[in-house]
Number of protein chains: 2
Amino acid sequence: MPSKKLTKQIIIEEAVAYISETGSPEIAIREISRRLGVKAPSLYNHFRNTKELQYAIYQYSIEKFVMELRESIADKTRDEAIVAFAEAYHDFAIRNRGLYTLVMSIPSNNDENGNRIALPLLELAVSVLSEYGMDRTSVAHWQRVFRALLHGFVSQEYLGYFYHYGDADVEDSRRIAIRCFLDGLHDEIDRSGLPASTGVRE
Amino acid sequence: MPSKKLTKQIIIEEAVAYISETGSPEIAIREISRRLGVKAPSLYNHFRNTKELQYAIYQYSIEKFVMELRESIADKTRDEAIVAFAEAYHDFAIRNRGLYTLVMSIPSNNDENGNRIALPLLELAVSVLSEYGMDRTSVAHWQRVFRALLHGFVSQEYLGYFYHYGDADVEDSRRIAIRCFLDGLHDEIDRSGLPASTGVRE
DNA sequence: TTCCTAAACTAACACTGTTAGTTATAGATG
DNA sequence: CATCTATAACTAACAGTGTTAGTTTAGGAA
């Protein structure tokens, strides 16, 4: 009856599958154990509590997210990279609603550990914006604007806020937003007198 | 023992107070009844279930939110109104984290009722952007961009994503974002050849 | 004063996450 | 090959949740 081959990995994968099916970041320990053909207390041999399992899924999600983003911009720079990043970001959020929601709800304000895990996400956005040669502070500002825009769009799509006024296409809205962001970025760079402000425009 | 004077209003107020204290949108029916000096089942004389109470708080929150926003732009138009709206939005979200989180998590994609309740929020943003004389579709697009930006910022502040790169001030970031938005908006209006594209700049 | 309705109650159910203590097997040891 | 041990499963139980059914009680209307 013991050692039914259950491991941390297996549990995490099952939990991820569960979240992917429900589209919600909530995990029910008893439901997951049921799916694994095991009683609930067995999971406590591998995780101290639900929160710890949540953190593991959180970490897994961020790694997957960052990997997809990184791939999307692999052969691109500047404006092209920004556009690709934005698309991949939106794509991931729509395809992985449960995981994305978890990513955007786990760290509370002073969760040092949670923020450390999310760091690669920050760094990737920073690396893309660093290509324009701005100073560190400006990069920090524009990275915030960029991610706020991306997350804000996803959130409102989740909420269904988009289908209640006019016949405006959601994709068009996103394009306008990114165009707006890039124009603002170029202006900032022009103002600070850096070389080659505009990247590749399609 | 009956008629202890409990009403829908009183329950909602207590729940709102509870949410304001915890900063989380979750309501524990038993905790709220405890605070009201009443047993949990008593609440079911006034609400069919927790979800219905949640909706009531949701509605209350949106009304309060919209009222504050409306006041903030009462004597302003165009750019000035946009800036004031953005400030009031951020202000409300920071001061009422629990309620704001509830507002941004209640309607699921096809919750017709939830979206109907949230409509005034949409309409207010639309009314501000309509002052520039754009066509209906453009207003829809820019309203989405505007609100995405606002919510995205709040979300990331909640998450604590802002204190991990550079020494960039968060308020500065918000100003840059709004400036970027306004510039993009003005460009759009210029391109479509409308009169008086720029509003009042400070 | 009586009656009836509305709003409180108690008791219970099914469901959580979690802990303590028990059992059984897989793999290492002799 | 037999035995021992560590590990990972188990059962039983607790405290907590939202919720329902059925019961009691008091305030306002007749």
Side-chain angles (χ1 to χ4, degrees), chain A residues 1-60 98 101-102 105-106 108 111 113-114, chain B residues 1-60 98-99 101-102 105-108 111 113-114:
Chain A
M1 201 175 286
S3 68
K4 210 171 188 170
K5 83 218 167 189
L6 204 52
T7 69
K8 266 193 165 90
Q9 267 310 316
I10 292 177
I11 297 173
I12 292 175
E13 279 166 24
E14 192 62 47
V16 165
Y18 176 69
I19 288 179
S20 296
E21 285 172 28
T22 64
S24 152
E26 323 239 317
I27 47 178
I29 227 73
R30 278 190 141 103
E31 178 59 30
I32 287 167
S33 64
R34 210 169 295 144
R35 290 165 62 122
L36 287 165
V38 143
K39 304 296 176 186
S42 302
L43 301 192
Y44 287 81
N45 289 321
H46 305 274
F47 293 96
R48 276 177 39 218
N49 49 38
T50 307
K51 207 168 198 168
E52 199 172 296
L53 176 53
Q54 262 193 157
Y55 262 80
I57 303 167
Y58 169 66
Q59 178 144 27
Y60 168 91
T101 306
L102 184 68
S105 61
I106 269 244
S108 56
D111 178 354
N113 194 42
Chain B
M1 203 177 284
S3 67
K4 209 172 189 168
K5 82 217 167 190
L6 205 50
T7 69
K8 267 193 165 90
Q9 267 312 315
I10 293 176
I11 297 173
I12 293 175
E13 279 166 25
E14 192 62 47
V16 165
Y18 176 69
I19 288 178
S20 296
E21 283 171 30
T22 64
S24 151
E26 323 238 316
I27 47 177
I29 228 71
R30 278 190 143 102
E31 179 59 31
I32 286 167
S33 63
R34 211 168 295 143
R35 291 166 60 121
L36 287 164
V38 144
K39 303 295 175 186
S42 303
L43 300 192
Y44 287 81
N45 290 321
H46 305 276
F47 294 96
R48 276 180 35 221
N49 48 40
T50 307
K51 206 168 200 169
E52 199 172 295
L53 175 54
Q54 263 193 156
Y55 263 81
I57 304 167
Y58 170 65
Q59 177 143 28
Y60 168 90
L99 297 185
T101 305
L102 185 68
S105 61
I106 268 246
S108 55
D111 178 354
N113 194 42

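Chain naming here is simple, since letters A, B, ... match the order of the sequence lines and numbering starts at 1 in each.
Nearest heavy atoms, B/Ile19 versus B/Ser24: CG2-O, 3.3 Å. Heavy atoms only, all atoms of each residue included: B/Ala56 and B/Ile12 are closest at CB-CD1, 3.7 Å.
Side chain B/Asn45 to base C/dA6: no donor-acceptor pair is found below 3.5 Å. Checked by distance alone, B/Arg30 brings a side-chain donor or acceptor within 3.5 Å of a matching partner on the base of D/dG18.
Residues passing the salt bridge (charged side-chain N to carboxylate O under 4.0 Å, His left out) test with B/Arg35 are B/Glu14, B/Glu21, sequence neighbours excluded.
Distance, A/Leu36 CG to D/dA9 C1': 13 Å, rounded to whole Å. Distance A/Glu31 CD to C/dG17 C1': 14 Å, rounded to the nearest Å. Here D/dC10 presents its C1' atom at 15 Å from OH of A/Tyr44, a figure rounded to the nearest Å. Atom pair A/Glu52:CD and C/dT18:P shows a separation of 11 Å (rounding to whole Å applied). Rounding to whole angstrom units, NZ of residue A/Lys51 and P of C/dG17 are separated by 15 Å. When rounded to the nearest whole Å, the span between CZ of B/Arg34 and C1' of D/dA15 equals 12 Å. Between A/Ile11 atom CD1 and D/dA8 atom P there is a gap of 10 Å when expressed in whole angstrom units. One can place CZ of B/Arg48 at 17 Å from P of D/dG18, the figure rounded to the nearest angstrom.
With D/dA9, D/dC10, D/dG18 as the choices, the nucleotide that has an atom nearest any side-chain atom of A/His46 turns out to be D/dA9. Nearest to the side chain of B/Ile29, among C/dG17, C/dA8, D/dT19, sits D/dT19. Side chain of A/Val38, nearest nucleotide from D/dT19, C/dA8, D/dA9: D/dA9. Candidate nucleotides D/dT20, D/dT11, D/dG18 were compared by shortest atom distance to the side chain of B/Pro41, and D/dT20 ranks first.
Looking only at distances, a side-chain donor or acceptor of B/Tyr58 sits under 3.5 Å from a matching main-chain atom of B/Gly114. Under a 3.5 Å cut-off, the side chain of B/Ser20 and the backbone N or O of B/Val16 do form a donor-acceptor pair.
Here the side chains of B/Ile11 and B/Thr7 are not in contact, with every heavy-atom distance at 4.5 Å or above.
At a threshold of 4.0 angstrom between heavy atoms, the contacts of A/Ile27 are confined to the sugar-phosphate backbone, with no base atom among them.
Taken to the nearest 0.5 Å, the NE2 atom of B/His46 stands 4.0 Å off from the CG atom of B/Leu6.
Counting only Watson-Crick and G-U wobble pairs whose two key distances fall under 3.5 Å, DNA chain D forms stems of three or more stacked pairs at C:2-28 with D:3-29.
Taking side-chain N and O atoms only, A/Ser42 has no distance below 4.0 Å to OP1 or OP2 of D/dA8.
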